[in-house]
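The structure displayed is predicted, hence computed values, not measured ones.
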Amino acid sequence: MATLPAISPNQGIYMGGASIPQRRMPSPPKGRVPKPALKPMKRVQGVKDRDMLLKQQNLRVQQPELDKLETARYRNSYKHNLCLEMLREGFHKSFTELFQLMQNRKVEREEAGPDSLLWQEPLLEDQPEKLDQIKHYLTRAEAARRMGNMEEVYHCQFQLAKYFQSTADTWLSDHFFQACLQTSLSVRGDGRRKEAEANCNIGLAYEERGEYDRAAQHFVEFHELASGRNWKDASGKTLEASSCDHLSRIYTTIADQMKAQDPQGAIQYLAKAFEMAKEGGDSYKEGLASYRLGKAYESTGDSETAILYLNGYLEICKANGDDMGFGQACEAIAKSYESQGKIEESIQYLEAFVDVAERTHQDTALVNACSCLGVIYNSLGKYGHACRYFGKAYETARELNNPGMMAAARVQYGVSNAHHRLEDYSGHLQTPMRYQMERMIEWKDVRLDEFDQPIRERPPLGHAPSEETATSEDDTPREDAEPEPVAETEAAAEEETTGETAEETPQDSSELTA
């Protein structure tokens with residue numbers, strides 16, 4: 001039995017050799033039947049609408065068609081496009097260095113955490129201007145390295161370091177300064193000058209960050225390379241003198257940090273600073289280093305060595321005509337002599353300090369000098385001189401309108417004035433006379449100071465006023481006179497009384513006889 005052919009869905013049903021087309025009814029719609037929407041009528045365009053359409057068409061015609069690369073430039077980030085451009089131009093080492101810088105900073109940022117200041121710092125990839133600078137100089141340096149021009153490589157890295165130093169990106173400036181030092185080792189024909197400059201730049205960078213020990217190491221390398229060379233910078237100063245200045249400054253800074261814990265170690269660093277300043281040839285800096293070293297020796301109690309260095313500073317100030325430095329040297333030398341007990345020498349230098357301060361109108365220094373002199377004279381018992389200098393210090397402090405100086409000078413002047421008046425006041429107390437008592441009562445009432453005036457006697461009541469005469473020595477009791485014995489005094493008094501009675505008795509008898 002023959003099988004029937006398969007029924008095709010696209011064909012009709014065969015009956016009697018003829019196919020009958022099959023018609024399918026559509027299935028009913030599901031859900032709500034949408035209502036036929038009316039098409040909006042086309043509004044008649046006005047003149048403004050037609051002009052706007054023409055302008056849009058003209059703009060579309062003027063805009064160029066974007067290719068794949070241009071489209072990617074608009075879609076990708078600035079950092080992505082810049083890296084692609086570096087790779088496309090063939091600067092693979094520049095791309096690697098830039099990518100490592102960005103990745104290392106991201107790792108440091110993640111390790112610091114969200115609560116750190118580093119987290120608040122914007123990422124390098126989000127700063128197009130800095131990325132442009134890095135790309136420009138790194139590609140130039142890579143091209144110069146391929147040609148063997150290591151000086152150009154050093155120049156490009158140095159420019160990047162200075163740029164990031166100006167933008168306060170120390171992590172980037174330190175990186176490129178280190179790169180300069182590595183590149184300088186490959187520079188030939190300059191006598192290692194680039195290496196010396198690279199050490200100087202790294203030392204300055206470490207000093208700015210507060211790492212003074214590491215800065216001193218690079219400054220020492222700089223000094224060793226520049227010694228004996230006639231290299232000069234743009235200002236005409238030799239690099240050897242610059243290295244001496246840097247070492248003197250960094251040694252002084254280290255000494256200031258350690259003088260509280262290790263005074264002897266601080267003196268050693270100050271001695272190195274003095275030697276470097278002396279080698280640098282700048283007399284002003286040499287004098288300052290000598291002054292600091294003298295003050296350090298004085299703080300440790302070695303006044304004799306301190307005077308040696310302070311006198312050196314004094315001579316340098318005389319030669320340079322530095323009045324302010326001369327005054328500082330006089331003050332320091334006076335204190336050293338005072339600590340040795342040489343008061344006369346101390347007074348001599350302090351008086352010179354006062355003269356210089358008055359001549360150069362150094363009011364603050366004048367107050368200090370007068371106060372020092374007043375303290376010395378007050379301790380010596382020369383209260384008149386002490387009052388004079390303390391009074392000058394107080395008047396100068398009033399002119400400066402310095403409350404702290406005014407308060408100190410006022411107290412010192414009052415104490416010295418009290419000491420000065422105490423001797424005369426005590427003399428009046430020891431002299432029990434009416435006029436002295438009246439003078440003390442008057443002074444307590446109106447503060448009229450007449451204790452230094454000679455003691456005069458007043459005329460008795462009922463007599464015409466006459467010229468006052470000074471009290472003789474017989475009127476004032478003497479402390480050194482020995483008192484007479486009481487028994488002898490009484491016997492003498494009885495003898496005088498008996499004699500007077502004997503003389504009077506004969507006179508009475510004669511009168512009776514008469």
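Formation of a donor-acceptor pair under 3.5 Å by the S346 side chain with backbone atoms of K342 is not found in this model.
If you check the side chains of T183 and Q157, you find a donor sitting under 3.5 Å from an acceptor.
The local environment of NZ in K259 is sparse, with at most 12 non-hydrogen atoms from other residues, nucleotides or ligands closer than 6.0 Å. Annotation for M324: atom CE does not count as buried by contact number, only 12 or fewer foreign heavy atoms lying within 6.0 Å. Enclosure of atom NZ in K278 is not indicated, since only 12 or fewer non-hydrogen atoms of other residues, nucleotides or ligands lie within 6.0 angstrom. Residue E129 qualifies as open at atom CD: its count of foreign heavy atoms under 6.0 Å is 12 or below. Around the CZ atom of R109, the shell of radius 6.0 Å holds more than 12 heavy atoms that belong to other residues, nucleotides or ligands.
Partners of N402 under the side-chain hydrogen bond (donor to acceptor under 3.5 Å, both in side chains) rule, at least two apart in sequence or in another chain, do not exist in this structure. Taking the side-chain hydrogen bond (donor to acceptor under 3.5 Å, both in side chains) definition, one finds that H175 meets it with E97, sequence neighbours left out. Taking A386 as the reference, Y377, N378, F390, S416 meet the side chain to side chain contact (heavy atoms under 4.5 Å, CB included) condition, with sequence neighbours excluded. Listed by chain and residue number, F95 satisfy the ring-ring contact (aromatic ring centres under 6.0 Å, His included) test with F99 (two or more places apart in sequence, or in another chain). Shown here are the side-chain hydrogen bond (donor to acceptor under 3.5 Å, both in side chains) partners of Y78, two or more places apart in sequence or in another chain: D132. Evaluation of the side-chain hydrogen bond (donor to acceptor under 3.5 Å, both in side chains) rule for N81 yields no partner, not counting sequence neighbours.
Every pair passing salt bridge (charged side-chain N to carboxylate O under 4.0 Å, His left out) that includes a residue from residues 232-241 is listed here, sequence neighbours excluded: K237-D245. Screening residues 377-406 for salt bridge (charged side-chain N to carboxylate O under 4.0 Å, His left out) gives E358-K392 as the qualifying pairs, with residues at least two apart or on separate chains. For residues 202-224, the set of pairs meeting the salt bridge (charged side-chain N to carboxylate O under 4.0 Å, His left out) definition, not counting sequence neighbours, comprises D174-R209, E207-R249, R209-E211, E211-R214. The salt bridge (charged side-chain N to carboxylate O under 4.0 Å, His left out) pairs that include a residue from residues 111-122 are R105-E121, where partners are two or more places apart or lie in different chains. For residues 262-272, no pair satisfies side chain to side chain donor-acceptor pair (under 3.5 Å), with sequence neighbours left out.
For the pair I347 and L380, the minimum side-chain heavy-atom distance is below 4.5 Å. Side-chain atoms of F353 and F326, non-hydrogen and from C-beta on, never get closer than 4.5 Å to each other. Contact of the S227 side chain with the H223 side chain is registered, since non-hydrogen atoms from C-beta on lie closer than 4.5 Å.
Between the CG atom of N199 and the OG atom of S184 there is a distance of 7.0 Å, given to the nearest 0.5 Å. Atom CG of L239 and atom CD of E197 lie 6.0 Å apart (nearest 0.5 Å). Put simply, NE2 on H385 and OH on Y389 are 7.0 Å apart, with the number rounded to the nearest 0.5 Å. A distance of 10.0 Å separates CD in E298 from OG1 in T305, rounded to the nearest 0.5 Å. Remark: S248 OG to L270 CG distance equals 9.0 Å, nearest 0.5 Å. Taking OH from Y309 and OG from S336, the interatomic distance works out to 13.5 Å, rounded to the nearest 0.5 Å.
Between K106 and E110 there is no salt bridge, since no side-chain nitrogen of the basic residue lies less than 4.0 Å from a carboxylate oxygen of the acidic one.
Taking the six-membered ring for Trp and thresholds of 30 and 60 degrees, Y394 and Y413 have nearly parallel ring planes, at less than 30 degrees apart. Between F222 and H246, the ring planes lie tilted relative to each other; the angle falls in the 30° to 60° range.
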Show me the side-chain donor-acceptor pairs of residues 136-147 shorter than 3.5 Å, one per line, residues at least two apart or across chains.
residue : atom : partner : partner atom : Å
T139    : OG1  : K135    : O            : 2.6
T139    : OG1  : H136    : O            : 3.0
R140    : NH2  : E152    : OE2          : 2.5
E142    : OE1  : S94     : N            : 3.0
E142    : OE1  : S94     : OG           : 2.5
E142    : OE2  : K93     : N            : 3.4
E142    : OE2  : R146    : NH2          : 2.9
R146    : NH2  : G90     : O            : 2.7

(Q) I'd like to know whether Q159 forms a side chain to side chain contact (heavy atoms under 4.5 Å, CB included) with Q133, so could you lay out the CA-CA distance, the side-chain angles of the two residues, the decisive distance to 0.1 Å, and finally the verdict. (A) CA-CA 10 Å; Q159 292 298 323; Q133 290 288 331; over 6 Å; no
